[in-house]
Enquirer: 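Following this message is one structure expressed as structure tokens.
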2 protein chains.
Amino acid sequence: MSLRHAVLGLLADRPASGYDLLKTFAISLGNVWSATQSQVYTELGRLADSGQVTVTAEGARGRKEYAITESGRAELHRWLTRVEPNRTPRNDTLLRVFFLGLLKPAEAEAFMRREAETAAAHHKELAALTTVAAGQDSFSAHGRLALEWGLRVTAAQHEWALWAEQQIVDRAAGGGGGGGHGGGDEDEDVPAQG
Amino acid sequence: MSLRHAVLGLLADRPASGYDLLKTFAISLGNVWSATQSQVYTELGRLADSGQVTVTAEGARGRKEYAITESGRAELHRWLTRVEPNRTPRNDTLLRVFFLGLLKPAEAEAFMRREAETAAAHHKELAALTTVAAGQDSFSAHGRLALEWGLRVTAAQHEWALWAEQQIVDRAAGGGGGGGHGGGDEDEDVPAQG
DNA sequence: AAACTCATGTAAAGTGTTACATGATTAT
DNA sequence: ATAATCATGTAACACTTTACATGAGTTT
């Protein structure tokens, strides 16, 4: 489970409360691994039960500050060096791309155009983060490596979406032939339900 | 839920059994959305219960062939055109990158080198698929758009990993100063447990 | 006959999302 | 006083993974 290690990793940097961690997820770590409030508090409880973190201070409004333990650090190190990253592919956008032939060309084109815009917007957001994420500490420095990944991939994604949109336009302009599905039914029009 | 729509999308192309679908996941669709045997059979059962697919034939060895219904097609179309793709970030590799400062420079470098190799290998695999996925039908054609995405992103990923590895080398060679974590503890050596 | 492939199904555990519920402290 | 922010927690539901369980038909 990666959320567990995300929490351990943040606590390895410095002690923090669940609320603090949530802020870090919101502004930086969440760009690579998102977590909900519910998940973070639940996970802190589990980590405390298993002795990988401990409550080091209790403050106002029930605030609890957690710190990583030696056992937690050992687990984190094991995960970083000996556990193969999970690469299970799960890309909702690309899944839709597979089925774009079920849409009218104009609808499919609109889909790709929108993807291009989304990629451009995402790229811009990340570029804006660059100036913000200027810390000199190791966590910020490595966060910038991840940020650079985001910049490169969103750029590639943007170019790809523009290219794919053109492919769809070209195919619609060329022969309507060859466009159908395996079923061989010519009546492949999409339902027009509201 | 996307698995449901992956199944509907495949059945919109042609009727198939769970076993058939599993093969499609294994050779093509699984590159963008993976599914287990257990999931596919369970989902087919649910879709049949809700009337989005029906059993159109039963063959040897208990084989059941499913076809999409009008209601299923309507749901698929709604999903394609009106449901925003889920973009929840969840990248196990990048999560680790955030915490690379917890490793010795040599370990962090090894991690990035390995990522570079993985990206190159993945790119090569996809390139090999290009020649295979040569169908003229719409499903294959759009699958090739997804494949192109894979080629571009794995290429970007490979270049990024090489760049990041160099960043780590440079930082290790430059001052050891500025390398510590927020905690300010100089004794940040990683545990050497086995 | 043995091995392999085809083919489906269920159970349990783990992980993630959404919604609900509560209350203290600080700023206006 | 009111609103905003700080701060934690639980319950229900949805989804994913892993393991188990079974058996028919085909090839060697």
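Proteins come first, then strands; the chains are lettered A, B, ... in the order of their sequence lines, and each starts at number 1. These numbers were taken from a predicted model, which means no experiment stands behind them.
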Enquirer: For the pair A:Glu165 and A:Arg114, find out whether any cationic side-chain nitrogen is under 4.0 Å from an anionic carboxylate oxygen.
Expert: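 The answer is no: the pair does not qualify as a salt bridge.
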Enquirer: Could you state the atom-to-atom distance from CD of A:Glu58 to P of D:dT8 in whole Å?
Expert: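 Atom CD in A:Glu58 sits about 10 Å away from atom P in D:dT8.
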Enquirer: Rounded off to whole Å, could you give me the CE-to-P distance for the B:Met1 and D:dC13 pair?
Expert: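 Distance check: B:Met1 CE to D:dC13 P gives 17 Å.
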Enquirer: Does a side chain donor of either B:Glu107 or A:His77 reach within less than 3.5 Å of an acceptor in the other side chain?
Expert: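 Yes, side-chain donor-acceptor contact under 3.5 Å.
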Enquirer: Taking the six-membered ring for Trp, are B:Phe139 and A:Phe99 parallel (under 30°), tilted (30 to 60°) or perpendicular (over 60°)?
Expert: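 If you compare the ring of B:Phe139 with that of A:Phe99, the planes turn out parallel.
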Enquirer: Of the candidate nucleotides D:dT17, C:dT8, C:dT25, which contains the atom at the shortest distance from the side chain of A:Ala60?
Expert: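 Closest nucleotide among those given: C:dT25.
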Enquirer: Please give, in whole Å, the distance from C:dT26 C1' to A:Arg63 CZ?
Expert: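 Checked: the CZ to C1' distance equals 15 Å.
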Enquirer: Looking at C:dT15, D:dT8, D:dT16, which one has an atom nearest to any side-chain atom of A:Tyr19?
Expert: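 Closest of the options to the side chain of A:Tyr19: D:dT8.
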Enquirer: What's the closest nucleotide to the side chain of B:Arg61 if the choices are D:dA24, C:dT17, C:dG16?
Expert: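 Shortest atom-to-atom distance from the side chain points to D:dA24.
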Enquirer: Would one find a side-chain N or O of B:Lys23 under 4.0 angstrom from OP1 or OP2 of C:dC6?
Expert: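 So the side-chain polar atoms of B:Lys23 never come under 4.0 Å of the phosphate oxygens OP1 or OP2 of C:dC6.
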Enquirer: Starting at CD of B:Glu65 and ending at P of C:dA7, how long is that distance when rounded to a whole Å?
Expert: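 One finds 10 Å between P of C:dA7 and CD of B:Glu65, rounded.
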Enquirer: Can you check whether any acceptor in the base of C:dT8 is under 3.5 Å from a donor in the side chain of B:Gln37, or vice versa?
Expert: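 Yes, a donor-acceptor pair under 3.5 Å.
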Enquirer: Measure from the side chain of A:Arg4, starting at C-beta and using heavy atoms only, and say which of D:dT8, C:dT17, C:dT15 lies closest.
Expert: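 Looking only at side-chain atoms, A:Arg4 lies closest to C:dT15.
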Enquirer: When you measure from the side-chain N and O atoms of B:Tyr41 to the phosphate of C:dT8, is any distance below 4.0 Å, counting only OP1 and OP2?
Expert: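 Yes, because at least one side-chain N or O of B:Tyr41 sits under 4.0 Å from OP1 or OP2 of C:dT8.
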Enquirer: For the pair made of CD in A:Gln39 and P in C:dA19, what is the distance, rounded to whole Å?
Expert: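 From A:Gln39 CD to C:dA19 P: 15 Å.
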Enquirer: How long is the line joining CG of B:Asn86 and C1' of C:dG16, in whole Å?
Expert: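 Distance check: B:Asn86 CG to C:dG16 C1' gives 11 Å.
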Enquirer: Just checking A:Arg90: base, sugar-phosphate only, or nothing, at a heavy-atom cut-off of under 4.0 Å?
Expert: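 It contacts sugar-phosphate atoms only.
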Enquirer: Report which part of the nucleic acid A:Ser38 touches: base, sugar-phosphate, or nothing (heavy-atom distance under 4.0 Å, all strands).
Expert: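 Base contact.
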Enquirer: In whole Å, what is the span from the CZ atom of B:Arg46 to the P atom of D:dC15?
Expert: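 Rounding to the nearest Å, CZ of B:Arg46 and P of D:dC15 are 7 Å apart.
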Enquirer: Once you round to the nearest 0.5 Å, how far does CG of B:Asn86 lie from CG of A:Leu95?
Expert: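 The CG atom of A:Leu95 is 11.5 Å from CG of B:Asn86, to the nearest 0.5 Å.
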Enquirer: Is it true that a side-chain atom of B:Trp79 and a backbone atom of B:Ala74 form a donor plus acceptor pair closer than 3.5 Å?
Expert: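 Between the backbone of B:Ala74 and the side chain of B:Trp79 there is no qualifying donor-acceptor contact (under 3.5 Å).
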Enquirer: How close or far is atom P of D:dT10 from atom CD of A:Glu43, stated in whole angstroms?
Expert: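 Taking CD of A:Glu43 and P of D:dT10, I get 14 Å after rounding.
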Enquirer: 5'-most contact on DNA chain C: A:Ala35 or B:Leu22, nearest heavy atom basis?
Expert: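 Nearer the 5' end of the strand: B:Leu22.
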Enquirer: When you get a sec, tell me which of D:dT8, D:dT10, D:dT16 is the closest nucleotide to the side chain of A:Lys64?
Expert: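 Closest of the options to the side chain of A:Lys64: D:dT8.
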